[in-house]
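Before any comments, here is the structure.
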Amino acid sequence: MCGIAGVMGTNISKKLYDMLISLKHRGPDGTGVFVDDITYYGNLDNLKISEGSFGLGHNLLSIVGCEPDSQPIVYDNYVLVCNGEIYNFKELKNKFNIDFKTDSDCEIIISLIKMFYDDSLYDAVIKTIEQLDGDYAFAVYDGKNFAAVRDPVGVKPLYFGENDDEKIFAFASEKKALWKIGINDVKTLPPDSILYNKELVSNKLNENVNIQNLKSQSNLSKETLRKQLKDLLITSVKKRVSGLSEVGILFSGGIDSTIIAKITDDLGIKTCLYSVGHKDSADLKFARKTAEEMNLPLKTRVIDVEDVRKYVIPVLDAIEEFNIMKIGVGMPAYIAAEMAHEDNLKVMFSGQGADELFGGYNRYLKFYEEKGEMAQEDLKNDILNLYHVNLQRDDAVTMANSIELRVPYLDPDIINIAMNIPMKYKINRDNTLRKCILREIGAELGVPEEIVKRPKKAAQYGSGIHKILVKKVLKEESFKDIEKRFNKYSI
């Protein structure tokens, strides 16, 4: 994974360099830039960039054998930078008989674009993303036109904006890269959308996962749906550990993260669990017990008021907005990723998306009681909005520590089947238990019974951080005006 940036205007060299410097934490293992037909690779601190009018940049987080000069990828007149993982690149290589010039899975994107290119870069990009299975944000340039694309769910971020005074247009993996060059009105590229020559186009680009049209219509038995879902979960995790020997898990001791940990362990991947919380927090209690029962290593960090005080600013810098809920949820993930980085890990997994897909939040019980099966629409709307709340936050706090976060529950196949599982299999009205079908799968996989039956507790409450943050730290004199002091121009 990595950070990407692009800028067009006049004398863009310094601007592109400053953007890449601000994104260095996303890719500390190497840098590559393309400016007006000239490509440079090397160490960011010593990189020399010539002046030009169009530039693309890439900071590399090397995970599976990628060389520091793997991006930008240049094919004839085509140039690509990508922040992402393309999980079906081997199948596509065989399908279209493509030979790679680099060891980057992202090379399949530019190979397909070149192959599909007729008269229009736009059409070639559309045909390409219809083939892709992955989590990505990428930009491609053909010498005249450029396109920037975001995956269907919005797992990977991309922002863009314009500075009319300096006549520049730019895009990047984080807002701070745009703020750094004077673009203050920053916009988010929505999922399943394309930015084509500065124009935003959204039209359901990838038909493999069309969330807008998902409906709960399955007539299959519960047993059949459960078996299909379990098989798809294992497949989703399997393709996300391809090439890896070890992974970390953002671990709360809940059903979502425990299922992932059980699958990675069963697949023979060295698995380490990371949990953060106050000394009396529910998450730490369950995490320790579950890790012991599953015989998995667990790294914990017990936090107090001083720790919360220490991490407020770094977490705010990462999430790029003052949002108390995001701070409360983002802080344990930030600290867990920090621990994983210290252990030289590059990839972590989380259970993100499971609550929205399988009715995990308490509000879904109320929706189900009021609307019956139509409550599925509330779940679908939350999935559609994950990108600018949970996904943005989690990517930001993990990548701040040079850790790539992967989210198996948000695989298109999982989303498709989950939205076709009736609500009656997700929520039990009699005992108010939620995520029922997922819990049953957990039991089949061998998840400890106590975790299978553990009620959902929100991350900010399970860790105990939210209470410390709201009742103590943010009331201290030194933090009283933090919302005023912390704004998008202060980073």
Side-chain angles (χ1 to χ4, degrees), residues 1 25-26 61 135 154-157 173-174 240 247-258 260-261 264 271-278 281-284 286-287 291 298-303 307-343 345-356 360-361 386-410 456-470 473:
M1 208 52 63
H25 54 278
R26 296 187 69 92
L61 177 62
D135 303 322
V155 174
K156 299 306 170 190
S173 297
E174 294 183 9
R240 284 166 173 78
V247 296
I249 310 285
L250 289 177
F251 196 67
S252 65
I255 187 67
D256 309 334
S257 55
T258 305
I260 294 175
T264 58
T271 302
C272 186
L273 315 178
Y274 293 85
S275 189
V276 177
H278 184 263
S281 67
D283 283 0
L284 283 182
F286 280 98
L298 171 70
K299 300 285 183 73
T300 63
R301 174 75 182 272
V302 179
I303 57 170
D307 291 313
V308 175
R309 186 183 296 120
K310 169 186 172 183
Y311 281 101
V312 168
I313 298 301
V315 171
L316 279 170
D317 283 344
I319 64 176
E320 302 177 324
E321 65 175 292
F322 184 86
N323 181 308
I324 294 176
M325 193 66 70
K326 280 190 176 184
I327 301 170
V329 179
M331 191 174 293
Y334 183 102
I335 298 170
E338 186 179 67
M339 289 193 291
H341 179 73
E342 291 169 354
D343 289 341
L345 285 181
K346 294 290 186 74
V347 176
M348 298 187 79
F349 281 41
S350 88
Q352 188 58 256
D355 286 310
E356 291 80 3
Y361 296 124
L386 267 180
Y387 75 97
H388 61 75
V389 184
N390 298 10
L391 293 176
Q392 180 273 340
R393 176 200 65 221
D394 292 353
D395 175 87
V397 296
T398 51
M399 287 301 287
N401 292 285
S402 302
I403 294 287
E404 177 192 325
L405 188 67
R406 299 184 183 178
V407 284
Y409 288 105
L410 292 176
K456 166 69 182 177
K457 199 171 185 68
Q460 68 271 27
Y461 305 122
S463 68
I465 285 178
H466 184 81
K467 185 176 180 180
I468 296 174
L469 185 69
V470 173
V473 173

May I ask you to test the [X]-[Y] pair for a side-chain heavy-atom distance under 4.5 Å?
X	Y	answer
D307	R301	yes
V315	R393	no
M325	V389	no
K156	E404	yes
E342	K299	no
I319	V397	yes
I324	H466	yes
T258	F286	no

Which value, rounded to the nearest 0.5 Å, describes the distance between [X] atom [atom1] and [Y] atom [atom2]?
X	Y	atom1	atom2	answer
Y409	D355	OH	CG	9.5 Å
T264	I249	OG1	CD1	4.5 Å
I260	F251	CD1	CZ	10.5 Å
H278	I468	NE2	CD1	4.5 Å
L61	H25	CG	NE2	11.0 Å
I313	I327	CD1	CD1	8.5 Å

What heavy-atom pair brings [X] and [Y] nearest, and what distance separates the two atoms?
X	Y	value
A336	L250	CB-CD2, 3.5 Å
A318	A396	O-CB, 3.2 Å
N390	Q352	ND2-OE1, 3.0 Å
G464	S281	N-CB, 4.3 Å
A337	T398	CB-CA, 3.8 Å
D395	R26	OD2-NH1, 2.9 Å

Open item on the list: side-chain contact (heavy atoms from CB on, under 4.5 Å) for V407 and D394? Distances and angles first, verdict last.
Closed with: CA-CA 10 Å; V407 284; D394 292 353; 6.0 Å; no
TODO: Start with the C-alpha distance between Y311 and I303, add both sets of side-chain angles, then the distance that settles side-chain contact (heavy atoms from CB on, under 4.5 Å), and finish with yes or no.
DONE: CA-CA 10 Å; Y311 281 101; I303 57 170; 5.8 Å; no
- [ ] Go through the steps for V247 and L345 under the test side-chain contact (heavy atoms from CB on, under 4.5 Å), then give the verdict.
- [x] CA-CA 7 Å; V247 296; L345 285 181; over 6 Å; no
Task: Chi angles and distances behind the side-chain contact (heavy atoms from CB on, under 4.5 Å) call for L410, D135 - done: CA-CA 9 Å; L410 292 176; D135 303 322; over 6 Å; no
